[in-house]
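What you see is a predicted model, and the numbers here were worked out from it, not measured in a lab.
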Amino acid sequence: MVSTRFFLIMTKKLFINHKTFWSGTILLFLLYIPFFFFGENSIIIGFDNVDCDLIYKHLLKQSKHLFCLNPSHEIPIIFSEFKSTYIHSTFNFNNLFYFFFPTFWAYILNSFFARLIGYVGVYLLLKVQFKLNNKVIILLLSLMYALMPFYSIYGISIMGLPLLYTAFCQLAKSKSLLSSLGIILFYTSYSHFFLVGPFVIIFFGSLFLMKSNRNKNYFYGLTILVLGFLIFNSLFLYQYFFGVVSHRIEFNSIINSSNFVVSSAFYQFLRNFLFGIEHFSYFFIGPLIVLFVLTRNNPLKSKNFLAIIGFSLVTVIYERYLPQISFTPTRFTLLFPLLILLSYVKILKQSSISLRWVSAILIAQIIININNDTEVGGNIKRLVGFKSEAYFEFLNKCLIDPFNNNIKDNKWPYQQIASLGFFGADKQIRKRVLGQEEIYFDLFYSKSSFDKIKSYIPKNAKTINIGFHPSISHFNGVSSLDSYQVYYPLVYKKKFRKIIQPELKKNKNLEQYFDYWGNRVYSFSNELFDTCKFDCTRSREAENKIKSLDFNMNYFGKMGGTHVVSAVEILNFKDLDLVFLAKIDDPKSRYIFYLYQFIENKHNNILN
């Protein structure tokens, strides 16, 4: 009884003394309520997530390789002889979530925990390092950072930067040695080395050159940063440098005269400057520019702001004029959120501006962040009934359709505005506003459809997947010859190419896409490549039928292929020695599937 009373008293004191901090924490939790409401029917990030990194976690979990020490362990469901060490770090803190929870809930809990670390990191940075006293500003800045759109599958690669920055600032002052080194080590265990590692090392290493940071404690921090990354990624790094020859050796850029058009290069720079790399984190810099204007601060005198401009230029130059390499310098833009945060802080420290104006700008930034967030923002808007038919019918007639029509007609300034990226990667407003690219976890992975597919095929079947991502097959325990992998043997790429070679020859862009990059080892169709590519959803199935698919099916059989699963109907399936087995049309799936069985024809010739 006494201990319970003591606990309640201490909890009350903790909340009262830090009620601003706990208010933000509670708000973060409330924003995640829609995930518990919708469950696996929640909206989640699609591109380079459900088709790539998320499925890696799932397969490591299913094959019991989440913390694998054996470099020879294979994941038989992918390719053939695919080793778990080809997947980035089997030793990562976020693997713990997948070890203890089902894949979907592991993903959501990891996302919340990463945002919480981002929130705590900014809060500590402002209180400990910059000594800000205004609790409202501290709360808003912390929420602003924690609620930016980001890829949670990469852990705290971005969310952990403020906490990491605080640790190095403390080391520069020779304070909190053990806790700071612990934070640095934790960051290396919970981030993605190949996404941010080299750039974080270079960034904090460059700060060491400043006289105020040159001491042994800061050096110890850099040492732990490098060693931590090396230790937690040792198996993959060994594979990368001393293992098989990777397909990445063929990475190359396609440089042509259009790359040198000044106007298009300028728009690309402006997109990078305004948003960073939207692929991994989306942080609109507009409100910060407004704050610069209101405080009459010259942004060109801000080192952080100049760094943002510099990294944006580097990105344009690299992507347009230089050969592609594994450690792309464009990922310096992943430091933008931290640099934007530091710019905010510096302005607030040096300028006297009304609290109302600052609060309004930060609240606007938070609203923009939530609105642009696919997962948190998307599910919140869905829960509160944002998508009313009447609203979008009005929006279509008054804004969306006229804007899109002017974009298609290349009218000034509609095309130029769209090129800035405000309306999505397709440079149109429709996808961004209507959310046509929304992906629901359960509908994407199509479990009920694949339960039916598995009733037609043996357990040892090897498939190829046309018009949809092979990760869907893998998630449901169906083995395939195709996959999305960021690292795999070059020899496999050469073998698989023989299957799809006839289709590649029909389309130069498709051939270059595979030959000069090749992460997507997909069963490409030339007819689909310019329409739905590898996401032929049920809404587009009727308009996309493959009239003449041309694969080397003899080599498909030689590689162990037994079945073809397609998201569109293959009209010439008989020419490919295929037998139609079933059409799977389940409303619980994003796709309609057509299942075919390969009957080997010994008279086919193998392409060399």
Side-chain angles (χ1 to χ4, degrees), residues 53 56-57 60 65-69 71 84-99 106 110-111 113-122 124-125 129 145-146 150-172 176-208 213 216-241 280-281 326-328 331-332 334-335 337-338 486-487:
D53 287 282
Y56 299 166
K57 298 294 183 184
L60 288 173
H65 291 166
L66 277 171
F67 299 99
C68 178
L69 280 171
S84 59
T85 50
Y86 295 162
I87 297 175
H88 176 267
S89 188
T90 52
F91 284 90
N92 194 285
F93 182 85
N94 70 1
N95 286 0
L96 287 172
F97 293 100
Y98 293 87
F99 184 82
N110 169 64
S111 172
F113 190 64
R115 287 190 190 276
L116 187 61
I117 289 175
Y119 174 76
V120 172
V122 176
L124 288 175
L125 178 64
Q129 175 61 25
Y145 194 93
F150 82 115
Y151 271 49
S152 62
I153 197 69
Y154 300 125
I156 60 171
S157 298
I158 297 173
M159 282 295 165
L161 289 175
L163 191 61
L164 187 65
Y165 188 85
T166 303
F168 274 104
C169 287
Q170 290 298 99
L171 291 176
S176 309
L177 177 62
L178 291 179
S179 60
S180 296
L181 295 180
I183 287 171
I184 294 170
L185 188 63
F186 177 64
Y187 179 84
T188 62
S189 73
Y190 197 7
S191 57
H192 194 287
F193 173 70
F194 279 85
L195 181 72
V196 297
F199 315 105
V200 167
I201 292 171
I202 292 172
F203 177 75
F204 286 101
S206 64
L207 294 182
F208 181 66
N213 294 334
K216 62 180 182 180
N217 290 333
Y218 194 100
F219 180 77
Y220 292 156
L222 283 177
T223 303
I224 292 295
L225 184 66
V226 175
L227 289 179
F229 276 130
L230 291 177
I231 291 170
F232 290 114
N233 299 277
S234 56
L235 290 178
F236 183 83
L237 287 170
Y238 180 84
Q239 184 66 250
Y240 187 86
F241 290 108
F280 299 115
S281 66
S326 294
F327 294 100
T328 164
R331 290 183 181 174
F332 274 115
L334 295 173
L335 298 171
L338 177 63
V486 297
Y487 186 92

By side-chain hydrogen bond (donor to acceptor under 3.5 Å, both in side chains) - contacts of [X] (at least two apart):
X    : value
N94  : K57
T85  : Q239
N213 : none
Y218 : none

Side chain to side chain contact (heavy atoms under 4.5 Å, CB included) assessment of V200 paired with L161: CA-CA 9 Å; V200 167; L161 289 175; 3.9 Å; yes
Looking at [atom1] of [X] and [atom2] of [Y], how far apart are the two atoms once the value is rounded to the nearest 0.5 Å?
X    : Y    : atom1 : atom2 : result
S180 : L171 : OG    : CG    : 4.5 Å
Y238 : L235 : OH    : CG    : 10.5 Å
F193 : F199 : CZ    : CZ    : 9.0 Å
L334 : H192 : CG    : NE2   : 11.5 Å
I202 : L207 : CD1   : CG    : 12.0 Å
L237 : F229 : CG    : CZ    : 10.5 Å

Qualifying residues under ring pair (Phe, Tyr, Trp, His ring centres under 6.0 Å), relative to [X], sequence neighbours excluded:
X    : value
Y165 : none
H65  : H73
Y220 : none
F99  : none

Shortest non-hydrogen contact from [X] toward [Y]:
X    : Y    : answer
T166 : G121 : OG1-O, 3.9 Å
G155 : N110 : CA-OD1, 4.5 Å
S84  : L60  : CB-CD2, 4.1 Å

Is the shortest side-chain heavy-atom distance between [X] and [Y] below 4.5 Å?
X    : Y    : value
R115 : F150 : yes
P337 : Y145 : yes
F203 : V196 : no
L338 : I158 : no
Y154 : S191 : no

[X]: side chain to side chain contact (heavy atoms under 4.5 Å, CB included) partners, not counting sequence neighbours:
X    : result
I117 : F113, I156, L163, F186, Y190
L185 : T188, I224, F232
L96  : F67, F93, F100
F236 : F194, Y240, Y487

Worked verdict on Y56 versus I153 for side chain to side chain contact (heavy atoms under 4.5 Å, CB included): CA-CA 10 Å; Y56 299 166; I153 197 69; over 6 Å; no
Pair Y86-V486, side chain to side chain contact (heavy atoms under 4.5 Å, CB included): steps then yes or no: CA-CA 8 Å; Y86 295 162; V486 297; over 6 Å; no
Donor-acceptor contact below 3.5 Å, side chain S179 vs main chain S176: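 Yes, S179 side chain to S176 backbone: donor-acceptor pair under 3.5 Å.
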